[in-house]
Amino acid sequence: MSPLRYILEKEFKQIFRNPAILKVIFIMPVIQLIMLPMAADYEIKNINIAVIDRDHSAVSNQLVQKITASNYFKLVSYDNDFDAAMESIENDKADLILEIPKNFEVNLYNEKESKLFLAVNAINGVKANLGAAYLTNIVQAYNADFRIETLTPGRFTEMPIIEISSSNWYNPKMNYKIFMVPGILVLLITIVGMNLSSINIVREKEMGTIEQINVTPIKKAHFILGKLIPFWVIGIVVISVGFLIAWLVYGIIPLGSYFTLYVFAAIYLMVILGIGLLISSYSENQQQAMLVTFFIMMIFVLMGGLYTSIDSMPIWARWFTRLNPISYFIEVMRMVVLKGSRINDIAPQLLIMVIYAIFINTWAVLSYHKRS
């Protein structure tokens, strides 16, 4: 194993003599892990709403006050001109228009019903759907309160009241940071590991040192392991720093054990680094390797289940995510951090990663050819 030891010594010296690589490895993930969870919020707030009140009654005023009292809506206009409200949507000053018709209060008291008109700016589909859903829930809650208040006490036609008590498991306070931080940490170690390993062998080609290595009696497996192990160690260090930041900045401590996370992370890094070395073996220069890595990373990240639910994807996309290693690690991170899952609970994902690691690294070894 002495040839492997010499390769490892060379790789570690080469890494620590390059200050740019050290900044990429340690400083960038720290900054990103602190900033991204603060900004990546699933909850939509400050939705601009324009209200057209043609009734100007006590009931319509109460409805408008109930809407604006929530933390979701910001009243940007309140008048009788529908054209002016539409202009505010066209100028991106409003996201929703709520029109309260004339005789709104009279119809509610006399006919027990009244209609509202809602126009939604659907350029941003997510914001439009959530904004309309928030507003619909507020109106329905106000409608239920109004009907209860207007019922005559003691009559047999009183509206029944159903109370719902909910319990949020695994994330009782619905804190999105607890949901996002583990997934973002997976993305960071994936980006760092795959980018650095993908330019490793191809950098030797550009510098000309690959020819010197090729004439040595070093075995292909030793060469690939020598390129993989240093970044594997660095990946473990990066994820350890990530766990420390998650605890210090966000107060996140896994309900499960760190041992479970490290076991999966160790195998996962073998997969990611193997993919990077595979890209590096087939690439002719660093630019080509970086472009291929960027292409693969974009697909892995967007279809990894961090920002969009895998269950809501089309069938073909759900099948593709089974080849996406990021989706497995994000799932495992959330299971261990939020649910306290143990090794036996993540056994299926662990087995898939082991098979993935063996396949990718075997391919990486076979793809490397010594050329004169």
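These numbers come from a predicted model, not from an experiment.
Scored by the side-chain contact (heavy atoms from CB on, under 4.5 Å) test, F259 finds S257, V263 as partners (sequence neighbours excluded). Considering only residues two or more places apart in sequence or on other chains, S312 meets the side-chain contact (heavy atoms from CB on, under 4.5 Å) condition with S309. Not a single side chain to side chain donor-acceptor pair (under 3.5 Å) links Y328 to another residue, sequence neighbours left out. Checked against side chain to side chain donor-acceptor pair (under 3.5 Å), S240 has the following partners two or more places apart in sequence or in another chain: Y262. Remark: N80 pairs with H56 by the side chain to side chain donor-acceptor pair (under 3.5 Å) rule, at least two apart or across chains. Applying the side-chain contact (heavy atoms from CB on, under 4.5 Å) rule to I123 yields the partners N121; only residues at least two apart in sequence or on another chain are considered. Partners of N110 according to the side-chain contact (heavy atoms from CB on, under 4.5 Å) rule, which considers only residues two or more places apart in sequence or in another chain, are V106.
A distance of 10.5 Å separates CD1 of I184 from NZ of K177, quoted to the nearest 0.5 Å. Taken to the nearest 0.5 Å, the CG atom of N361 stands 9.0 Å off from the CG atom of L278. Distance check: Q286 CD to T293 OG1 gives 11.0 Å after rounding to the nearest 0.5 Å. A distance of 10.0 Å separates OH of Y268 from CG of L273, quoted to the nearest 0.5 Å. Expressed to the nearest 0.5 Å, how far CH2 of W232 lies from CD1 of I236 amounts to 5.0 Å. The structure places CD1 of I199 at 13.5 Å from CE of M194, a figure rounded to the nearest 0.5 Å.
Using modelled atom types, one side-chain atom of D95 and one backbone atom of N48 make a donor-acceptor pair closer than 3.5 Å. Under a 3.5 Å cut-off, the side chain of D55 and the backbone N or O of E105 do form a donor-acceptor pair. For the pair N91 (side chain) and K93 (backbone), a donor-acceptor distance under 3.5 Å is absent. Judged purely by atom type and a 3.5 angstrom limit, N107 uses its side chain to pair as donor or acceptor with the backbone of N103. Judged by distance alone, the side chain of S280 and the main-chain N or O of G276 form no donor-acceptor pair under 3.5 Å. Side-chain atoms of N200 never come within 3.5 Å of backbone atoms of L277 as a donor-acceptor pair (strictly under, hydrogens ignored). Judged by distance alone, with hydrogens and angles left aside, the side-chain atoms of Y176 form a donor-acceptor pair with the main-chain N or O of P37 at under 3.5 Å.
In this structure, S198 and V292 have side chains that are not in contact, with every pair of non-hydrogen atoms separated by 4.5 Å or more. The side-chain heavy atoms of L261 and I239, taken from C-beta on, include no pair separated by under 4.5 Å.
In this structure, R54 forms no cation-pi arrangement with F104, as its terminal cationic atom is not both closer than 6.0 Å to the ring centre and no more than 45° off the ring axis.
When hydrophobic residues (I, L, V, M, F, W, Y) are linked wherever their side-chain heavy atoms come within less than 4.5 Å, the members clustered with F82 are I52, M86, I89, I97, F117. Apart from F294 itself, the hydrophobic cluster it occupies contains M298, L302, where clustering links Ile, Leu, Val, Met, Phe, Trp and Tyr at side-chain heavy-atom distances under 4.5 Å. Listed by chain and number, the hydrophobic cluster partners of L255 come to none, as no ILVMFWY side chain reaches under 4.5 Å of it.
One hydrophobic cluster holds both L228 and F264 under the rule that ILVMFWY side chains link at heavy-atom gaps under 4.5 Å. Tracing side-chain contacts under 4.5 Å through hydrophobic residues (I, L, V, M, F, W, Y), one never reaches L306 starting from L323; they form parts of separate clusters. V241 and L248 fall within a single hydrophobic cluster, where Ile, Leu, Val, Met, Phe, Trp and Tyr are joined by side-chain heavy atoms under 4.5 Å apart, directly or via other members. Cluster membership check: W169 shares its hydrophobic cluster with I253, using side-chain heavy-atom separations under 4.5 Å among Ile, Leu, Val, Met, Phe, Trp and Tyr. Linking ILVMFWY residues whenever their side-chain heavy atoms come closer than 4.5 Å, directly or via other members, leaves M335 and L351 in distinct clusters.
Contact record, A246 with V181: CB-CG1, 3.9 Å, taken as the closest heavy-atom pair. Across all their heavy atoms, V59 and Y109 have their closest contact at CG2-CE1, 4.1 Å. Nearest heavy atoms, L96 versus L118: CB-CD1, 4.4 Å. For the pair E284 and V202, the tightest heavy-atom approach, listed with the atom from each and the gap, is C-CG2, 3.6 Å. When all heavy atoms of F329 and A265 are compared, the closest pair comes out as CZ-CB, 3.8 Å. Heavy atoms only, all atoms of each residue included: A289 and I279 are closest at O-CG2, 3.9 Å.
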Exercise. Please test Q288 against N285 for side chain to side chain contact (heavy atoms under 4.5 Å, CB included), starting from the C-alpha separation and ending with a verdict.
Key: CA-CA 6 Å; Q288 182 182 354; N285 51 64; 3.3 Å; yes
Exercise. For the pair Y250 and I178, evaluate side chain to side chain contact (heavy atoms under 4.5 Å, CB included) and give the outcome as yes or no after the intermediate values.
Key: CA-CA 8 Å; Y250 303 105; I178 300 178; over 6 Å; no
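Remark: Y258 OH is packed, more than 12 non-hydrogen atoms of other residues, nucleotides or ligands lying under 6.0 Å away. Residue I315 places its CD1 atom among 12 or fewer non-hydrogen atoms of other residues, nucleotides or ligands, all under 6.0 Å distant. Residue-environment remark: CE (M290) stays at or below the threshold of 12 foreign heavy atoms within 6.0 Å.
For residues 73-91, there are no salt bridge (charged side-chain N to carboxylate O under 4.0 Å, His left out) pairs, not counting sequence neighbours. Applying the salt bridge (charged side-chain N to carboxylate O under 4.0 Å, His left out) rule to pairs touching residues 302-328 yields nothing, sequence neighbours excluded.
Side-chain N/O atoms of S60 and D53 include a donor and acceptor closer than 3.5 Å.
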